[in-house]
Structure formats: structure tokens, C-alpha cells
Amino acid sequence: MRTRLFVYGGAAMLLLLASVVVSLSIGSSGLPLRDVWGILLHQLPWMPAADTKWDAGDIAIVTQLRLSRVLLGMLVGACLALAGAGFQGVLRNPLADPFTLGVASGCSVGAAFMIVFGLQSALGLWTVPLVAFVTGMVTLLIVFGLARARGAMNVETLILSGVVVQAFLGALVTFLVTMSQSVVNEAMFWLMGSLSARSWAHVRLVAPFLIVGLPVLIRYAQHLNLFAFGERHAAHLGVNVERTKLIVLVMCTLLTAVAVSVAGVVGFVGLVVPHLIRLLVGPDYRIIVPLSAIGGGFYLVWADTLARTALSPKEISLGIVTALIGAPFFAYLLYRRKVQQGGAAS
């Protein structure tokens with residue numbers, strides 16, 4: 001397993017690094033490639049100061065706007081993909097992710113409330129993620145309550161409950177936004193998902209959550225493997241089922257909350273990435289979890305690059321790009337599941 005993880009992880013890191021290099025190299029400012037990388041290289045401590053060759057505006061574009069945005073996209077994508085892998089593992093449901101379960105919309109309710117009513121600075125940058133986490137957890141409990149019947153939770157009912165709750169909360173967020181004309185443009189753009197107007201402060205906000213969340217989910221990856229055989233079987237093999245479920249669900253909701261608080265509602269990342277990783281490397285969560293973090297960063301870096309360059313100088317909302325990719329993929333998974341169930345029944 002360690003050899004496979006080393007090989008797959010190394011290849012994935014190379015792809016991610018190449019993606020970061022390409023994304024940093026292109027943009028709407030028209031800076032030559034030589035200038036972009038000259039500015040970046042001169043930010044290294046042992047290199048001479050860059051301001052002798054380039055003006056302050058070009059340096060700010062590369063270091064303050066483009067570099068921070070690419071790194072933030074990588075971190076947000078990793079958080080959402082990790083959350084999707086965790087939800088799919090603990091719920092034994094390949095269709096589960098923060099978006100389809102309604103958790104992302106639940107987090108967005110708290111975030112939108114704080115933004116619309118100007119309360120986002122009460123505790124600094126940490127205010128919105130903390131409130132988003134609380135509303136996301138409440139949403140998760142509501143979805144579970146709707147899906148559970150006679151002590152059992154049907155997969156299709158769970159997804160349907162998530163879709164219903166997501167639709168309701170999406171309408172609630174839109175209502176909150178329309179109540180305040182002062183921030184309506186900012187809130188609507190955030191609601192559709194975007195990494196624009198973000199800074200290094202947001203990178204520093206998301207990074208600690210990922211640094212904590214990734215090792216925790218890796219720690220419970222083997223437990224998720226045992227969950228595939230059923231909770232009762234996992235308990236017989238020594239897994240503390242309820243504790244595992246609580247820790248994984250809370251951590252996944254926390255990762256979703258911080259991602260939503262800085263990037264808005266970016267759908268289907270947690271659905272597409274873990275599923276593709278599973279198709280490529282198999283069902284072992286000890287490999288799926290770390291590769292999902294890398295794959296999520298890769299996926300969102302490219303999605304954001306497309307969002308900011310496809311119609312340059314205009315910018316497409318990031319949530320639109322991920323939805324255009326993720327919605328057909330979600331439909332394909334539903335169709336394949338239906339075919340498999342029909343074949344099993346016959």
C-alpha cells in the first residue's frame with residue numbers, strides 16, 4: 001500500500017505542481033511569461049529585490065493577486081474533495097458530497113447572514129467560518145433526520161433529503177441577499193462561487209483547517225475501509241463506529257464551512273474528485289483520502305483558471321464552471337447506479 005501511495009502521490013503532486021505553474025503563467029493582465037516568473041523568482045530571500053526591474057503594479061498583480069488566488073484555489077479544492085471523500089466513506093454512498101447533502105448550502109446560510117448584515121468582522125476572518133460550521137452541522141442533522149426511517153437510512157432517501165434541503169436553503173440565502181442592496185453584488189457573486197478579491201489573509205485562514213483535517217481523515221481512512229462492509233461488521237472488527245462517524249462528519253463539515261466562507265458555493269468538487277480517484281486507484285481510503293486532497297487542488301486550480309481566462313477580461317463564476325462539469329457527472333452516476341440496481345434485480 002505504501003509503495004502504491006508513494007507512486008500515485010508522487011505523480012499527482014507533479015500534476016498539481018505543473019497546474020500551478022501553468023495557472024500562474026496566464027491571466028488577463030497581459031504580463032509576459034518572462035516577467036511573471038522573473039517577479040516570482042525575485043521574491044525568494046536570496047534573490048535581489050524585484051522592484052528594480054518591474055513596477056509596483058506588475059509585482060502586486062503577480063504576488064498579491066495571482067499567486068494568492070492560485071494557492072487559495074488549491075486549498076479550497078483540497079478541503080472540498082476531502083470533505084466529499086469523508087462523507088462518501090462514512091455514509092457508504094458514492095453520491096454523497098457537501099453539495100448534494102445540502103451541507104454546503106447550510107454553511108452558506110450562516111455565511112450569507114453574516115455578510116448581508118455586516119457582522120463578518122465580529123471575530124475577524126474567523127467569524128464567517130465558525131458561523132458557517134454551526135449552520136452546516138445543523139443542516140446535516142436535519143438531512144439525517146429527514147432520511148432516517150425506523151432506524152434505517154436509505155441511500156436514495158438521503159440524497160433526496162439533501163436536494164430538498166439544499167433547494168430550500170438556497171432560496172433562503174437568495175432572500176437574505178435581496179434584503180440588503182448595499183452588498184447585493186458582492187453577495188450574489190460570492191453565492192455563485194468565486195475566488196476573486198481574495199488575499200493572502202484568506203490563504204492563511206484556510207490553511208490551518210486543511211493542515212488539521214487531512215491528518216485526521218488519514219487517521220480514520222482504514223476505519224472507512226471497514227465501513228464498506230457495514231457498521232455492524234466494522235464494530236465487530238474493533239471500530240468505535242459512533243465515534244468515527246462523529247469525528248469524520250464534524251471534520252468534513254468544518255472543511256466545507258471554511259471553503260464556503262471564502263469561496264462561496266462551489267458545487268460537485270467533493271463528488272467528482274473522490275469518485276475519479278476511486279476509479280483510478282481502487283476503493284482503499286488510505287489512498288483515496290490523500291489523493292483526494294491533491295486531486296481537489298488540481299481540479300479547482302484548473303476550474304478557476306478557466307473561469308478567469310475563458311472570457312477574459314470578463315470572469316465566469318467558479319461555481320458555474322464546476323457545475324457545468326459536475327452536474328452531468330452526477331447524472332451519469334445516478335444512471336449507472338440505476339443500471340446496476342436493475343441488473344442486480346434481474
Side-chain angles (χ1 to χ4, degrees), residues 78-111 126 129-155 157-159 161-162 165-166 169 206 208-261 269-271 274 278 283-286 288-290 292-293 296:
C79 287
L80 291 174
L82 274 175
F87 280 132
Q88 291 172 19
V90 80
L91 298 175
R92 308 187 304 280
N93 182 358
L95 300 179
D97 90 316
F99 191 74
T100 56
L101 288 176
V103 176
S105 295
C107 293
S108 70
V109 169
W126 296 90
L130 290 176
V131 175
F133 169 69
V134 172
T135 54
M137 283 301 301
V138 172
T139 303
L140 189 63
L141 293 175
I142 292 173
V143 172
F144 282 3
L146 291 174
R148 189 175 294 277
R150 298 178 182 177
M153 189 181 300
N154 182 271
V155 171
T157 306
L158 179 65
I159 297 300
S161 300
V165 172
Q166 172 199 333
L169 294 180
V206 179
F209 289 87
L210 182 60
I211 291 172
V212 173
L214 178 57
V216 170
L217 292 181
I218 289 176
R219 164 68 178 80
Y220 284 92
Q222 179 59 22
H223 293 186
L224 297 181
N225 285 337
L226 298 178
F227 268 53
F229 300 103
E231 293 182 6
R232 181 175 299 178
H233 185 77
H236 288 162
L237 293 175
V239 176
N240 189 327
V241 172
E242 294 304 319
R243 179 184 176 187
T244 299
K245 288 168 62 177
L246 177 63
I247 292 175
V248 172
L249 290 175
V250 168
M251 185 53 64
C252 291
T253 303
L254 190 59
L255 290 171
T256 303
V258 70
V260 168
S261 68
V269 178
L271 175 72
R278 190 179 294 106
D284 190 345
Y285 274 91
R286 293 174 297 176
I288 291 175
V289 168
S292 291

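Quick caveat, the model's predicted, so the values are computed rather than measured.
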Quick one: does [X]'s side chain get under 4.5 Å of [Y]'s, heavy atoms only?
X	Y	value
Phe227	Val241	yes
Leu91	Leu101	yes
Phe133	Val250	yes
Leu255	Leu217	yes
Val90	Tyr285	no
Arg92	Phe229	no
Val248	Cys252	yes

statement: Rounded to the nearest 0.5 Å, the CG atom of Leu169 sits from the CD1 atom of Ile142 at a distance of 7.0 Å

task: Enter the distance from Leu214:CG to Ile211:CD1 here, rounded to the nearest 0.5 Å.
output: 9.5 Å

With sequence neighbours excluded, residues passing ring-ring contact (aromatic ring centres under 6.0 Å, His included) with [X]:
X	value
Tyr220	His223
His236	none
Phe209	Trp126

Please enumerate all residues that pass side-chain hydrogen bond (donor to acceptor under 3.5 Å, both in side chains) together with [X], with sequence neighbours excluded.
X	value
Gln166	none
Thr100	Asp97
Arg286	Gln222, Asp284

So which atom in [X] and which in [Y] form the shortest heavy-atom distance, rounded to 0.1 Å?
X	Y	value
Cys107	Ala257	SG-CA, 3.7 Å
Ser292	Ala81	O-CB, 3.1 Å
Thr135	Gly106	OG1-O, 2.8 Å
Cys79	Ala259	CB-CB, 4.3 Å
Val289	Leu82	O-CD2, 3.4 Å
Thr253	Leu249	OG1-O, 2.8 Å

- prompt: Is the backbone of Gly270 close enough, under 3.5 Å, to the side chain of Gln88 for a donor and an acceptor to pair up by distance?
  reply: yes

